[in-house]
Amino acid sequence: MDACKGKKIVAGICGGIAVYKAAYIVSKLVQAGASVRVIMTRAACEFVTPLTFESLSQHRVFTDLFRDDPLAHVELAHTADLFVLMPATYNIIGKLAHGIADDFLTTTVAATRAPLLVIPAMESQMYTNPVFQENKKRLSELGYRFLEPETGHLASGRSGVGRFPSEEKIFKAIEEIFAERSLLKGRRVLVTAGPTREMLDPMRCITNKSSGKMGYALAEQARNLGADSVCLVSGPTLLEPPVGVEFVKVESAAEMHKAVTERFPKFDLILMAAAVADWRPKKAFSHKLKKSDARELTLVLEKTPDILSELGRRKKKNQILVGFAAETEKILEHAREKLRAKNLDLVVANDITAPGAGPEVETNIVTLLYRDGRSRTLPCMTKCEVAREVLREIARLL
Ligand code: C5P
């Protein structure tokens, strides 16, 4: 309960029968010392009147984007430490997953960077509807936290999944979020991501299938976990750099080497998730290579600098160095060898041929390997969840 003291929490109340339970949670949050500002959707106001939440939160309740203070949603979005959406309906999750912002609540959520805890409650056939599950997955991948509903008696009189969770579970989830927000406080984090491009001529290059998703997720989560600063050095990807992260765009292994080695001494935690080319054309042609009658063309490749090995040699006692090993065979054996040869503190290994893992999917299945021989395999999770879990593990090492 102590975790809520002095915190600014925005409660987004939607139109489901569990709204009466949400009223109780708002009351408990206020009793725990949080300052709670309530936003109600139009449907929520059909179930109970704003007066209930006004009395419990001791603040006026926001319901109408056009009648309330015109900038109130921006102010709430910027100052909140946490958003709790409860009960989160089929409708609100669908709207948020598709970027619809047509009322006070959805507009405020769109404008915030605060962590969001989503507490769905609904009839089980709505909860298990694939459309809903797809929207939930989409939001999870974007970093929204979902508290799973309980199974049991539902308002319809039926039994199934969809019950609003207990007060204990909700408070535990809130405490975890607040504890995590300071997990990397005082730390500076450097992340590499994406593929590299080794030019052969002005048009053609040698590259790989890395999407950059894992590295971008690590940078974003490091920021969310309270790191003092986060720098993302990225090869060419189609992704938007996360907000609040220093972004350095590079193309080749040589450029990545320069960007990383220059910055390395200033960082405490270095995560090398980039798929750096190991080889590059020895000679890059200044003109586009012409098609000729020759039946063969021989490319001579030379080694690129192994950035991680160099950092492993230069590493200071207070620096934590993490490597990634995307493998197709003898996964753990190769990863362990990398840990040793490159003087790493942790290796995150994955089998890129396994279903649910690899460069082109949203999920990953990874095994963490430590210096002391320990290892831990995580279940199949979204890359965002993998990133959070990896950073939690590292926080333990720190
Ligand atoms: O030895 P291997 O390339 O398989 O090791 C992968 C790890 O090394 C990754 O963390 C990757 O970012 C890093 N690496 C690097 N520089 C290279 C090649 C790989 O930093 N030239």
Side-chain angles (χ1 to χ4, degrees), residues 189-199 205-219 221-222 230-237 239 248-265 267 269-282 301-315 319-354 357-359 364 366-371 375 383 386-387 390-391 393-394 397:
V189 183
L190 178 65
V191 183
T192 66
T196 58
R197 254 184 210 165
E198 309 304 326
M199 298 312 285
C205 62
I206 295 178
T207 185
N208 59 65
K209 281 164 74 173
S210 167
S211 65
K213 282 179 190 147
M214 198 59 238
Y216 280 57
L218 285 163
Q221 292 304 318
V230 181
C231 177
L232 174 62
V233 178
S234 172
T237 74
L239 307 172
V248 181
K249 201 166 156 244
V250 297
E251 198 155 297
S252 61
E255 282 176 27
M256 187 168 278
H257 175 263
K258 182 168 185 289
V260 171
T261 50
E262 271 172 11
R263 289 171 174 79
F264 173 67
F267 289 87
L269 176 57
I270 301 97
L271 299 132
M272 304 283 281
V276 187
D278 293 325
W279 301 93
R280 68 181 162 219
K282 192 159 184 194
L301 303 178
E302 65 178 7
K303 264 251 155 73
T304 57
D306 190 322
I307 311 168
L308 192 52
S309 294
E310 183 180 329
L311 301 188
R313 286 191 296 273
R314 287 173 53 190
K315 182 164 82 99
Q319 286 179 309
I320 298 259
L321 193 54
V322 181
F324 285 72
E327 303 284 349
T328 54
E329 50 173 6
K330 296 189 188 155
I331 320 293
L332 300 185
E333 203 179 303
H334 287 158
R336 224 174 263 298
E337 174 53 22
K338 236 165 258 185
L339 181 84
R340 194 196 56 76
K342 302 195 187 201
N343 189 26
L344 309 177
D345 298 286
L346 179 71
V347 167
V348 182
N350 71 310
D351 177 355
I352 49 176
T353 61
N364 211 350
V366 304
T367 300
L368 311 182
L369 297 123
Y370 299 87
R371 277 177 97 96
S375 70
K383 288 183 177 168
V386 171
V390 167
L391 289 164
E393 282 291 322
I394 293 167
L397 290 180

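One-based numbering, in listed order, for ligands and for the atoms of each. Just so it is clear, the values below take in all heavy atoms, side chains as well, and ignore hydrogens, waters and symmetry mates. Keep in mind the model is a prediction, meaning the values are calculated, not measured.
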In ligand 1, the atoms that come under 4.0 Å of a heavy atom of Ala274 are 11 (C), 12 (O)
Asp278 heavy atoms within 4.0 Å reach ligand 1 at atoms 3 (O), 18 (C)
Quick note on ligand 1: atoms under 4.0 Å from a heavy atom of Gly323 include exactly 10 (O)
In this structure, atom 16 (N) of ligand 1 is nearest to the protein heavy atom Ile307 N, 3.1 Å
Quick look: Pro305 vs ligand 1, heavy-atom contacts under 4.0 Å, and the answer is backbone
Quick note on ligand 1: atoms under 4.0 Å from a heavy atom of Thr304 include exactly 21 (N)
*Between the main-chain N or O of Leu321 and the side-chain N or O of Asp345, is there a donor-acceptor pair closer than 3.5 Å?*
yes
Residue, atom and distance of the protein heavy atom nearest atom 10 (O) of ligand 1 read Met272 O, 2.6 Å
_Any heavy-atom pair between the side chains of Thr237 and Pro195 that's under 4.5 Å?_
yes
Lys342, any N or O under 3.5 Å of ligand 1 N or O
yes
Is the closest side-chain heavy-atom distance between Tyr216 and Lys383 below 4.5 Å? no
The answer for which part of His334 has a heavy atom under 4.0 Å from ligand 1 is neither
From the list Ile331, Leu346, Leu344, Val347, side chain to side chain contact (heavy atoms under 4.5 Å, CB included) with Leu369 holds only for Val347
Non-hydrogen side-chain atoms of Val348 and Met214 separated by less than 4.5 Å:
no
Exercise. Dump the intermediate steps for side chain to side chain contact (heavy atoms under 4.5 Å, CB included) on Glu337 and His334, then the final yes or no.
Key: CA-CA 5 Å; Glu337 174 53 22; His334 287 158; 5.6 Å; no
Ranked by distance from atom 20 (O) of ligand 1, the top protein heavy atom is Leu308 N, 3.0 Å
inquiry  = Just so I know, are the side chains of Arg280 and Ser252 near enough to count as touching, which here means a heavy-atom distance under 4.5 Å?
reply    = no
Going by heavy atoms in the side chains, are Leu271 and Ile394 under 4.5 Å from each other? yes
Note: Ala277, heavy atoms under 4.0 Å from ligand 1, region reported as backbone
Below 3.5 angstrom, do we get any N/O pair linking Lys338 and ligand 1? yes
For atom 9 (C) of ligand 1, the closest protein heavy atom turns out to be Phe324 O, 3.1 Å
